[in-house]
There are 2 protein chains.
Amino acid sequence: MKQAKKAIEGNPPSEEGSGKTPAALPHARSSPRATGSATVADVASIAGVSAMTVSRVLNNPERVSPRTLAVVKGAIERTGYVPNLLAGGLASRRSRLVAVVVPTIANSMFAQVTQALTDELGKSGYQVMLGLSGYDVSREQELLDAILSRRPDGIVLTGTVHTDTTRTRLLKSGIPLVETWDMSPSPMDMLVGFSHEQVGEAVAEYLLGKGYRRFGLVFANDQRGDVRRSGLLAALARHGISDVPLESVPVPTTMGLGKRHFAKLLERAPGLDVVVCSSDPLAQGVVVEAQERGIAVPDQLAVMGFGDYDFAAELSPTLSSVSIDGKAIGIRAARFLVARIEKTESAGSETVVDVGFSIIERRSTSKSKSKSTT
Amino acid sequence: MKQAKKAIEGNPPSEEGSGKTPAALPHARSSPRATGSATVADVASIAGVSAMTVSRVLNNPERVSPRTLAVVKGAIERTGYVPNLLAGGLASRRSRLVAVVVPTIANSMFAQVTQALTDELGKSGYQVMLGLSGYDVSREQELLDAILSRRPDGIVLTGTVHTDTTRTRLLKSGIPLVETWDMSPSPMDMLVGFSHEQVGEAVAEYLLGKGYRRFGLVFANDQRGDVRRSGLLAALARHGISDVPLESVPVPTTMGLGKRHFAKLLERAPGLDVVVCSSDPLAQGVVVEAQERGIAVPDQLAVMGFGDYDFAAELSPTLSSVSIDGKAIGIRAARFLVARIEKTESAGSETVVDVGFSIIERRSTSKSKSKSTT
DNA sequence: CTGAAAGCGCTTACAG
DNA sequence: CTGAAAGCGCTTACAG
């Protein structure tokens, strides 16, 4: 192998005991702006090739002869070269960064989507830049500058409600975009979600079918919870049920909020036979509060959650809920994005997916048969 | 205000109805590599100043005259200019990116730390690049390349156990580093955590003090859980208690795992009077499983959790646990990093912090008094 | 299959 | 307080 062409300076082997110390860099510390770490030029000079060839080895190894490939890989190894993706991204206009905006990760549902996104994007070499918007639409806009200034190759947003400025700027940026967790009649670009309105309706139909009539709600006052609630109330109204009492709770929802707001609900509306909650933690709180008050679940009161958290199947009684496949949302969003980014031609036409949901019936909505049917 | 000096081409006002359309860019689309979005040069030419002055307006506004400041800000507004931080980072060697590596965010404790880190770093203009390592030390190494290639200004790691290669490369990179969630006798750089061994010891002392003697453990088989368990067993051994039965569960821990592994523990060791768990979800599972079997908690069996999750105070009976201030860990780690990054002089000398922990006594470890002490 | 030149969009380091 | 020049470390777009 050819030797370095540039003068070898500096870089004293500072850590003798650490085993295989990478070869001293041939980097001439001439420029006052040099950073000290190896560059393509260093690798190229050690390997006796041009910088372009090093770049090809990294990005299009199939276009390099096997012999050259081996030599360059050796040089990369020896120098401990780590590509600088800031430079690479600037030159190629591909940052390999995807911005993911979620309200919070302190919620197992968004955490699950984020985890799946991160894993799936990682497989294709994309890193996730995390943006936490809170539940406040205006913060999303604040985040936008920070995001756009990184020139991400793709953006994943939670929800479909955004300010006009956000929409305009996003559209103008031309960056591939996936809205998640919600359906929308007018997606900005791609969309992976489910209909919260349909969830509300389906829950209503399900519980009506079970014979429940005196409904009470404990719902978070967030956008999507509101939509589910509307769907639920609309369906109930169609069956002549109106004036459904509602306890509105702040996000993020917790078991404690469920307990306390159910207590308040009970004061206002004593004779309920079913309480529908906008999340499983709320529902868990309702169940415990009921039990502590001597109200038997489900015999005297049915309780319905949302999200099908992992504890729902384990509680006593087990909790009926609505299952959303967050992992599927994350994976599909990631794949949409990667397909769009990497295909020069117009990518697949299907860019809107409804992942649906399913109602999981468990004990908390299954009255034990009082009328024997033998 | 001076007019643009460059010829105005292209950029047809494509969205008439969108309200205030930004001024057409004076960007001459000469280069085949142009991206289409405004650059400092565009802003400079509109404002009639040099690119340097635009850069100063963005980064050191106090060094620019008020008049110039206003003119440039107007030009930024009109062009809808968004700085390109890839270019900025390359030139300044400050990416304003911090890599945060956690095993998973599907765990409310790490999610809390990550949330606090993201919020606190955001205040100083840093973005978080999320790395999920799983619970596998080897994946951490895989992530390392992805991270280093972004040239982050700082790195936050979870835990203090890393492979030798990881340590060497991290040290060599010279990037400010905070290890979190754990104490270490030999931190690589900065450290914000608490002693898992001390937690184990304190839990043992606390429960021994309450009179419990027949211990059983339901513990996750992860690094830090192992350390807590060792501390616990060592303290018990000092009091002559040995052969403590253990059920080892995989991560991530869930309520369901708690139920099933407690069932297994019961088979092997029927006469326990206290079960110590490595997380609150496990403990919750133990409590429910016990109750379903007619074992009264805490009268026949005490249960201790870890993490003081928000539901611990709400369960029935309320769950005793060990509280860790994850938010404090996140905030302090963020501040350490920012101080180090932004201070040219050697930053504060205190770079290792033990945030401690506290034992939260609740009903699940409080036997109702059988021997009246009146 | 390989390389020389130019450029991505900023900021540093001077100089005035 | 402001600007001209050079450079950060890559990749594009050619050319051979």
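Just so it is clear: chains get the letters A, B, ... in the order the sequence lines come, proteins before strands, and each one is counted from 1.
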In whole Å, I'd like the distance from the [atom1] atom of [X] to the [atom2] atom of [N].
{"X": "A/Asn84", "N": "D/dC10", "atom1": "CG", "atom2": "C1'", "answer": "7 Å"}
{"X": "A/Asn59", "N": "D/dG9", "atom1": "CG", "atom2": "P", "answer": "17 Å"}
{"X": "A/Arg151", "N": "D/dC10", "atom1": "CZ", "atom2": "C1'", "answer": "17 Å"}
{"X": "B/Arg94", "N": "C/dG9", "atom1": "CZ", "atom2": "P", "answer": "22 Å"}
{"X": "B/Arg93", "N": "C/dC10", "atom1": "CZ", "atom2": "P", "answer": "17 Å"}
{"X": "B/Arg150", "N": "D/dG9", "atom1": "CZ", "atom2": "P", "answer": "17 Å"}

How would you list, by chain and number, every residue that makes a side-chain hydrogen bond (donor to acceptor under 3.5 Å, both in side chains) with B/Ser50, sequence neighbours excluded?
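If we apply the side-chain hydrogen bond (donor to acceptor under 3.5 Å, both in side chains) test to B/Ser50, skipping adjacent residues, the hits are B/Thr53.
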Can you sort out the partners of B/Arg335 under salt bridge (Lys or Arg N to Asp or Glu O under 4.0 Å), two or more places apart, ordered by chain and number?
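Salt bridge (Lys or Arg N to Asp or Glu O under 4.0 Å) list for B/Arg335, sorted by chain: B/Glu120.
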Secondary-structure string, 5' to 3', Watson-Crick or G-U under 3.5 Å, | for another-strand partners, for DNA chain C
|||.||||||||.|||
Considering only D/dC10, C/dG9, D/dT11, which nucleotide approaches the side chain of A/Leu90 most closely?
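Minimum distance to the A/Leu90 side chain belongs to C/dG9.
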Closest to side chain of B/Ser92, choosing from C/dT11, C/dG7, C/dC10
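The answer is C/dT11.
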Side-chain heavy atoms of A/Thr104 within contact of A/Leu132, under 4.5 Å
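A/Thr104 does not reach A/Leu132 side chain to side chain.
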Heteroatom pairs (N/O) under 3.5 angstrom, protein to nucleotides 2-5 of chain D:
residue : atom : partner : partner atom : Å
D/dT2   : OP1  : B/Ser65 : OG           : 3.1
D/dT2   : OP1  : B/Thr68 : OG1          : 2.3
D/dT2   : OP2  : B/Ser65 : N            : 3.1
D/dG3   : OP2  : B/Ser50 : N            : 3.1
D/dG3   : OP2  : B/Ser50 : OG           : 3.1
D/dG3   : OP2  : B/Thr53 : OG1          : 2.5
D/dG3   : N7   : B/Arg56 : NH1          : 3.2
D/dG3   : N7   : B/Arg56 : NH2          : 3.3
D/dG3   : O6   : B/Arg56 : NH2          : 2.4

How far does OG1 of B/Thr351 sit from CG of B/Asp189, to the nearest 0.5 angstrom?
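Reported to 0.5 Å precision, the distance equals 6.5 Å.
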Donor-acceptor pairs are to be reported for all side-chain atoms of residues 60-70 of chain A against protein atoms at under 3.5 Å, with residues two or more places apart or in another chain.
residue : atom : partner : partner atom : Å
A/Ser65 : OG   : A/Thr68 : N            : 3.2
A/Ser65 : OG   : A/Thr68 : OG1          : 2.7

Show your reasoning for whether side chain to side chain contact (heavy atoms under 4.5 Å, CB included) applies to B/Ile76 and B/Leu58.
CA-CA 10 Å; B/Ile76 288 173; B/Leu58 261 14; 3.6 Å; yes
Identify, with sequence neighbours excluded, every residue that meets side chain to side chain contact (heavy atoms under 4.5 Å, CB included) alongside B/Thr180.
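Here the qualifying residues are B/Val156, B/Thr158, B/Val178, B/Ile329, B/Ala333.
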Any side-chain to backbone donor/acceptor pair from B/Asp119 onto B/Ala116? Under 3.5 Å, distance only.
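Between the backbone of B/Ala116 and the side chain of B/Asp119 there is no qualifying donor-acceptor contact (under 3.5 Å).
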Take atom CZ in A/Arg332; do more than 12 heavy atoms of anything else shown fall under 6.0 Å from it?
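Open: at most 12 neighbouring heavy atoms sit under 6.0 Å from CZ of A/Arg332.
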